[in-house]
Amino acid sequence: MTAPATGTANGRTTGQDGARAGTGAGTGAGAGPAAAGAPSPTPSLAALAYHDGEFVPLERAQVPVTTQALQYGTGVFEGIRAYAQADGGLAVFRGRDHYRRLLRSARTLRIDVGPDAERLCEVTAELLRRIGATTDMYIRPLAYKRALLPGTPPGVQLTGVSDALTVNAFRMGSYTDRGGISVAISSWRRPDPGVLPVRAKITGGYVNNALAVDEARAAGYDDAILLNGRGQVAEASTANVFAVVGGRLVTPPATAGLLEGITRDTAVTLAADLLDTETDVRDLGRDELYDADEVFLTGTGAEIVPVTGIAGRPVGDGVPGPLTTALTTAYHEVVRGRDQRYHHWLQAVGPATA
């Protein structure tokens, strides 16, 4: 998502190859609630970003090749969704929780983000207003190490290096197949927390995820599930894992070496509140996945997606199970603002600004 835009007018978007993709964030790809089983095409970047404390045309939101984070992976990021609401508005879903996690990740790498979580939520809403967004959007904040400060010797390090923040956005509806996906069990293992702080969302750590999903797709699967060093389930390439085992909903604990997802927490909460289903947070073995009645993944990008096949074996009857289906329906009711009990998770964006 580094290709510059070809235009600078507010609300215009460009494809990732720089080609014009539409004249308003409220039209084109991702417009309105996505149809089930109809993944969106390549997302279109908004032509405006928040960079170095100001809103600038996307082509100005650039970094030099000498940027420390580019060379050493010393950055942290989030993925946040904004959803078109049932009342016709637009709202960011659990933005405060995402930004709190961003700030926690940033502390791990000694990155001074600057704004607090509330201010970052305000910046995000203002960015969406300025680009005229009216439909489903994906927001990508990135805080990173930029350049050595005067007197700092060369090399990889966290102190003596300046910090920076960029927030960009693009149109994106649902892109996973609600009819179910097939996953591989990756030969790549999730890093041990003693090797990499996996509970922080660090850019450099995602080479592990990239290798896993590349291996899976080359073998004909949609995604990969990674095990940890103990051979227990950790997470999928960019999502947490749930399984229905013996009539119980199970998900691995943070100590399994996973990123504690915001959507994971949403799924646990909705299952308890709306489906009268408590979640057992415990170690989950590969063999249990093979024997599970249902398996699904949760993530901001993936939302809630059923897994209908694992390593060439069907999950249950090979179709989305009843709990997965009910939870998916409940999730989309919540993010669209149709369930008043969860409005505290939604931040209204407000009307577009010139």
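Numbers here are sequence positions counted from 1.
Hydrophobic cluster membership of Leu258, counting Ile, Leu, Val, Met, Phe, Trp and Tyr whose side-chain heavy atoms lie under 4.5 Å apart directly or via other members: none, as it forms a cluster of its own. Here Val156 is tied into one hydrophobic group with Tyr72, each link being a pair of ILVMFWY side chains closer than 4.5 Å.
Screening residues 314-330 for side chain to side chain donor-acceptor pair (under 3.5 Å) gives Glu294-Thr324 as the qualifying pairs, with residues at least two apart or on separate chains. Applying the ring-ring contact (aromatic ring centres under 6.0 Å, His included) test to pairs two or more places apart or on separate chains, those with a residue in residues 176-231 are Phe77-Tyr206. Residue pairs meeting the ring-ring contact (aromatic ring centres under 6.0 Å, His included) criterion with at least one member in residues 140-159, sequence neighbours excluded, do not occur. The list of salt bridge (charged side-chain N to carboxylate O under 4.0 Å, His left out) pairs with a residue in residues 155-164, not counting sequence neighbours, reads Lys145-Asp163. Residue pairs that meet the ring-ring contact (aromatic ring centres under 6.0 Å, His included) test with at least one member in residues 293-321, sequence neighbours left out, are Phe242-Phe296. For the salt bridge (charged side-chain N to carboxylate O under 4.0 Å, His left out) condition, the pairs that include at least one residue of residues 225-236, sequence neighbours left out, are Arg190-Glu235, Arg230-Asp283.
Linking Ile, Leu, Val, Met, Phe, Trp and Tyr whenever their side-chain heavy atoms come within less than 4.5 Å leaves Leu259 and Tyr99 in two separate clusters.
Contact record, Asp223 with Ser237: OD1-OG, 2.6 Å, taken as the closest heavy-atom pair. Between Leu48 and Pro57, the closest heavy-atom pair is CD1-N, 3.9 Å. A pairwise comparison of heavy atoms in Pro115 and Leu103 identifies O-CD2, 4.0 Å as the closest pair. Between Ala200 and Ser105, the shortest heavy-atom distance links the atoms CA-OG, 3.5 Å.
Applying the salt bridge (charged side-chain N to carboxylate O under 4.0 Å, His left out) test to Arg119 and every residue at least two apart in sequence or in another chain returns Glu122. In this structure Tyr290 satisfies the ring-ring contact (aromatic ring centres under 6.0 Å, His included) test with no other residue, sequence neighbours excluded. Residues satisfying the side-chain hydrogen bond (donor to acceptor under 3.5 Å, both in side chains) test with Arg282, not counting sequence neighbours, are Glu288. For Arg217, there are no salt bridge (charged side-chain N to carboxylate O under 4.0 Å, His left out) partners at least two apart in sequence or on another chain.
At a cut-off of 3.5 Å, with distance as the only test, a side-chain donor of Ser186 or Glu215 sits close to an acceptor on the other residue. Thr152 and Gln157 share no side-chain donor-acceptor pair at under 3.5 Å.
Panel note: side chain Asn228, backbone Ala256; a donor-acceptor pair is recorded below 3.5 Å.
Within 6.0 Å of atom CG in Asp287, more than 12 heavy atoms from other residues, nucleotides or ligands are found, so the atom counts as buried in its surroundings.
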